[in-house]
Structures are given as C-alpha cells and as structure tokens.
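Keep in mind that what you see is a predicted model, and the values were worked out from it rather than measured. In this chain, numbering begins with 1 at the start of the sequence shown.
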Amino acid sequence: MSKLLKIAVAAALLGMPAYLVAAPQNRANPSDVAGPVLHYADYADLVVDAPVIVDATVRSQLRLKPVDAPDLPPTIARLYVEADVGALIRGSNAVPPRIGYTLDVPLDAHGRVPSYRKARVLLFARAVSGNAGQVQLVRPDGQRSWTPAGDALTRRIVREVLAPDAPPTITGVGNAVHTAGDLPGSGQTQIFLTTVDNRPISFDIERKPDQPPHWVVALGEVVDQSAPPPARDTLLWYRLACTLPAALPDSSVPQDGDDAAIAREDYALVVRELGACERGGRR
C-alpha cells in the first residue's frame with residue numbers, strides 16, 4: 001500500500017463514528033510491548049472485550065501528520081500500522097493475511113516514536129464494518145508484545161470464555177439473607193448475585209459451632225457444599241474478584257440486627273478469601 005493510500009485509509013478510519021473508531025484511546029506505551037509481568041485480569045479484560053484476537057508481526061508503521069490527528073496532545077503521536085497475521089486466536093470470521101489499525105503512542109524525550117517494525121504482537125481488536133482489512137484495538141493496551149507466556153494465557157482465557165459452561169458475567173449483588181441455626185454460632189448465609197443473562201449464581205456460607213465459616217459458589221439452584229473455592233486466575237475467580245464491591249451493599253440486606261451483621265461479615269470473608277484483583281494498569 002502506498003504512503004498516500006495509507007494516510008487516506010487512516011484518515012477514513014478516523015472519520016468514522018466513535019462507536020467504530022475510538023482512536024484517541026488506542027495509546028500504547030513502549031513498555032507495554034515488553035510486558036515483564038502477566039496479570040490474569042489484564043488479559044481477561046482484553047479477551048472478554050475483543051471478538052478478534054490475532055498473533056501478528058508488524059510489517060510497517062506510518063506516523064500521521066498532526067493535521068490528520070488533531071485531537072492528540074503534542075506528546076502523543078498516531079501511527080497507522082500494518083501487520084501480517086500469523087494466527088487467528090479468536091474470531092467468528094476469517095481475517096485477511098494483512099490488517100491495518102491505528103495506534104497512539106507517546107513520544108520519547110527526543111520527540112521520536114517507538115519502532116514496532118518486525119515486532120511480533122498480540123492484537124485484541126474488533127472488526128471495522130465495511131473495511132475487511134482494518135481492525136480497531138479494543139483498548140489502549142490492545143497491542144501486546146508476543147511472548148510464549150502471554151500467548152498461552154490468552155489462549156487459555158479464550159477457551160474459558162468460549163466454553164459452554166463458562167460462568168456468567170456478574171452485574172451486581174442481589175439479596176443477602178442469614179438464617180440462624182438451632183445451636184449458638186450456627187447458621188447459613190445466602191448471597192445472590194445478579195448476572196447479565198439472569199443465570200443464577202450465589203454464595204452459600206455455612207457456620208458451625210467452634211469452626212470457621214465454610215463457603216462455596218453455586219452456579220445453579222443446587223449447592224454443592226463439598227465444592228472448593230474458585231481457583232485464582234480462572235474465569236470464575238475473575239468474574240467474582242474483579243467485579244464484586246468491597247462491602248455488601250445496604251440494599252442487599254433487607255433484615256436488621258444480628259442477622260444483617262453476620263451477612264455482612266460472611267460477604268467480607270468471601271471477598272477477602274477471593275483475594276485482590278491485580279492488574280498491571282491500563283497503559
């Protein structure tokens with residue numbers, strides 16, 4: 001593709017509605033493609049948002065003139081990048097062997113742009129309607145350097161997301177009810193979560209005298225008390241740890257008094273044992 005044609009294609013992309021091209025968000029730091037630490041949540045965020053994921057090698061990059069990127073601060077440059085597709089990791093349709101996209105990058109101290117030529121990358125993107133050879137990165141860090149670990153993690157999360165029994169997307173916390181048992185210190189708390197497709201998911205916390213509370217996640221109407229807590233760095237763990245509020249919302253506790261206090265304690269226990277949702281930061 002000639003230089004003038006590349007500029008024309010990029011300009012055409014930037015002229016599309018915001019829901020197709022959000023170019024000011026497609027910013028990448030050169031350190032992004034180094035990727036020293038992998039966080040499951042970072043990659044899960046990208047996989048969940050990206051209907052198209054490819055393993056590609058950057059063939060060329062062209063810096064657009066400021067007149068073609070008037071919305072950028074002076075410390076940011078916009079590139080039109082072309083990459084050769086090595087493998088389609090996720091996608092409902094085939095992609096061309098070469099694709100183009102825009103990428104905003106910070107300038108270095110000398111006002112120069114980083115070079116990505118010949119870099120092997122993972123691209124987390126969506127197709128651009130009416131432009132088969134163009135994609136839009138779903139997030140500023142939608143271009144990631146290819147590494148064996150990053151590739152393996154991406155493919156694992158894709159399999160989890162596309163599995164028939166994948167856990168639902170959680171939208172909030174519903175009702176939480178604690179029922180005291182017959183013996184002092186015994187009882188059961190049920191905390192119901194809301195999901196995007198109304199599939200049931202809940203926590204069941206069982207208390208017995210002189211024992212620590214035991215909790216399980218139920219992905220249906222039947223509660224298996226022998227089920228282990230969700231393993232860290234799995235899709236179920238991600239749906240829970242990276243979505244749930246830190247404290248039980250007041251709207252989730254219809255009762256007052258001791259039962260409400262125990263329900264809040266049990267919710268806090270679950271959140272604490274799920275652990276923090278660690279991210280490397282949206283760069």
Practice item. Would you check if the side chain of Gln61 reaches a backbone N or O of Tyr116 as a donor-acceptor pair within less than 3.5 Å? Key: yes
**Study point:** Side-chain donor/acceptor of Arg232 to backbone N/O of Trp237, under 3.5 Å
**Key:** no
Revision key, fill the gap. Shortest non-hydrogen pair, Asn93 vs Leu88, comes out as O-CD2, 3.5 Å
Review point. Rounded to the nearest 0.5 Å, how far apart are CG of Asp104 and CG of Leu72?
Key: 4.5 Å
Check your understanding: Do Leu162 and Tyr40 share a hydrophobic cluster (ILVMFWY, side-chain heavy atoms under 4.5 Å, transitive)?
Key -> yes
Exercise for review: Name all residues meeting the salt bridge (Lys or Arg N to Asp or Glu O under 4.0 Å) criterion together with Asp258; count only those two or more places apart in sequence or in a different chain, and write none if there are none.
Suggested key: none
Check your understanding: Does Ser252 use its side chain to pair, donor to acceptor, with the backbone of Gly174 at less than 3.5 Å?
Key -> yes
Point to revise | Any pair counted as salt bridge (charged side-chain N to carboxylate O under 4.0 Å, His left out), so long as it reaches residues 165-185, sequence neighbours left out | key: none
Check your understanding: Are more than 12 heavy atoms from other residues, nucleotides or ligands located less than 6.0 Å from atom CD of Glu221?
Key -> no
**Study point:** Considering all heavy atoms, the nearest Val173-Pro249 contact
**Key:** CB-CD, 4.1 Å
Review point. Quick one: disulfide bond (SG atoms under 2.5 Å apart) pairs with a partner in residues 78-190, sequence neighbours left out?
Key: none
Point to revise | Spatial distance of atom CZ (Arg144) from atom CG (Leu137) [nearest 0.5 Å] | key: 12.0 Å
**Study point:** Salt-bridge present (Asp250, Arg264; N to O < 4.0 Å)
**Key:** yes
Practice item. Not counting sequence neighbours, which residues clear side chain to side chain donor-acceptor pair (under 3.5 Å) with Glu265? List them please. Key: Arg207
Check your understanding: Would you find a donor on one side and an acceptor on the other, under 3.5 Å apart, between the side chain of His214 and the backbone of Gln225?
Key -> yes
Practice item. Specify the closest pair of heavy atoms between Pro96 and Val85, including all atoms of both residues, with the distance to one decimal. Key: O-CG2, 3.5 Å
Review point. Measuring from Asp151:CG to Ile53:CD1, what's the distance to the nearest 0.5 Å?
Key: 10.5 Å
Practice item. Compute whether any side-chain donor of one residue and acceptor of the other, for Tyr101 and Gln143, lie under 3.5 angstrom apart. Key: yes
Revision key, fill the gap. Scanning both residues in full, the closest heavy-atom pair of Pro209 with Pro184 reads CG-O, 3.5 Å
Point to revise | Joint cluster assignment, Val161 & Val196, ILVMFWY side-chain distance < 4.5 Å | key: no
Exercise for review: Find the distance between CG (Leu235) and CG (Leu240) and round it off to the nearest 0.5 Å.
Suggested key: 9.5 Å
Check your understanding: So which pairs with a foot in residues 185-194 pass side chain to side chain donor-acceptor pair (under 3.5 Å), sequence neighbours left out?
Key -> Thr171-Thr194, His178-Thr189, Gln188-Asp204, Thr189-Asp266
Revision key, fill the gap. So the disulfide bond (SG atoms under 2.5 Å apart) pairs with at least one residue in residues 57-90 (sequence neighbours excluded) are none
Review point. Under 3.5 Å, side chain of Asp42 to main-chain N/O of Gly280, donor-acceptor pair present?
Key: yes
Revision key, fill the gap. Nearest heavy-atom approach of Pro245 to Val271 is O-CG2, 4.0 Å
**Study point:** With sequence neighbours excluded, residues passing salt bridge (Lys or Arg N to Asp or Glu O under 4.0 Å) with Glu160
**Key:** Arg156
Practice item. Go through the steps for Ile99 and Val52 under the test side-chain contact (heavy atoms from CB on, under 4.5 Å), then give the verdict. Key: CA-CA 12 Å; Ile99 56 176; Val52 177; over 6 Å; no
Review point. Mind checking whether Leu236 and Ile201 have side chains closer than 4.5 Å, heavy atoms only?
Key: yes
**Study point:** Passing candidate, side-chain hydrogen bond (donor to acceptor under 3.5 Å, both in side chains) with Arg78, options Asp68, Thr102, Asp71
**Key:** Asp71
Point to revise | Partners passing salt bridge (Lys or Arg N to Asp or Glu O under 4.0 Å) against Arg272 (at least two apart in sequence or in another chain) | key: none
Review point. Can Leu219 be reached from Val48 by stepping across I, L, V, M, F, W or Y side chains whose heavy atoms are under 4.5 Å apart?
Key: yes
Exercise for review: Can you sort out the partners of Ala149 under side-chain contact (heavy atoms from CB on, under 4.5 Å), two or more places apart, ordered by chain and number?
Suggested key: Leu38, Thr147
Study note, to complete from the structure: Nearest heavy-atom contact between Ala260 and Val253 is CB-CG1, 3.3 Å
**Study point:** Non-neighbouring partners of Thr169 that pass side chain to side chain donor-acceptor pair (under 3.5 Å), sequence neighbours left out
**Key:** Arg239
Check your understanding: Residues two or more places apart in sequence or in another chain: which of them pass salt bridge (Lys or Arg N to Asp or Glu O under 4.0 Å) with Asp197?
Key -> Arg199
Check your understanding: If only atom types and distance count, is the side chain of Tyr80 paired as donor or acceptor with the main-chain N or O of Ser60 below 3.5 Å?
Key -> no
Review point. Any chain of hydrophobic side-chain contacts (each under 4.5 Å) joining Val223 to Ile191?
Key: no
Point to revise | From CG (Asp45) to CG (Asp141), nearest 0.5 Å | key: 8.5 Å
Review point. Between Arg90 and Ala50, is there a donor-acceptor pair closer than 3.5 Å when you use the side chain of the first and the backbone of the second?
Key: yes
Review point. Is it the case that one hydrophobic cluster holds both Val222 and Val177, taking links as side-chain heavy atoms less than 4.5 Å apart, direct or via other members?
Key: no
Check your understanding: Which value, rounded to the nearest 0.5 Å, describes the distance between Thr154 atom OG1 and Asp55 atom CG?
Key -> 9.5 Å
Exercise for review: Would you check, one step at a time, whether the test side-chain contact (heavy atoms from CB on, under 4.5 Å) holds for Trp146 with Thr57?
Suggested key: CA-CA 9 Å; Trp146 186 95; Thr57 300; over 6 Å; no
Check your understanding: By side-chain contact (heavy atoms from CB on, under 4.5 Å), which residues pair with Val270, not counting sequence neighbours?
Key -> Phe203, Ile205, Trp215, Leu274
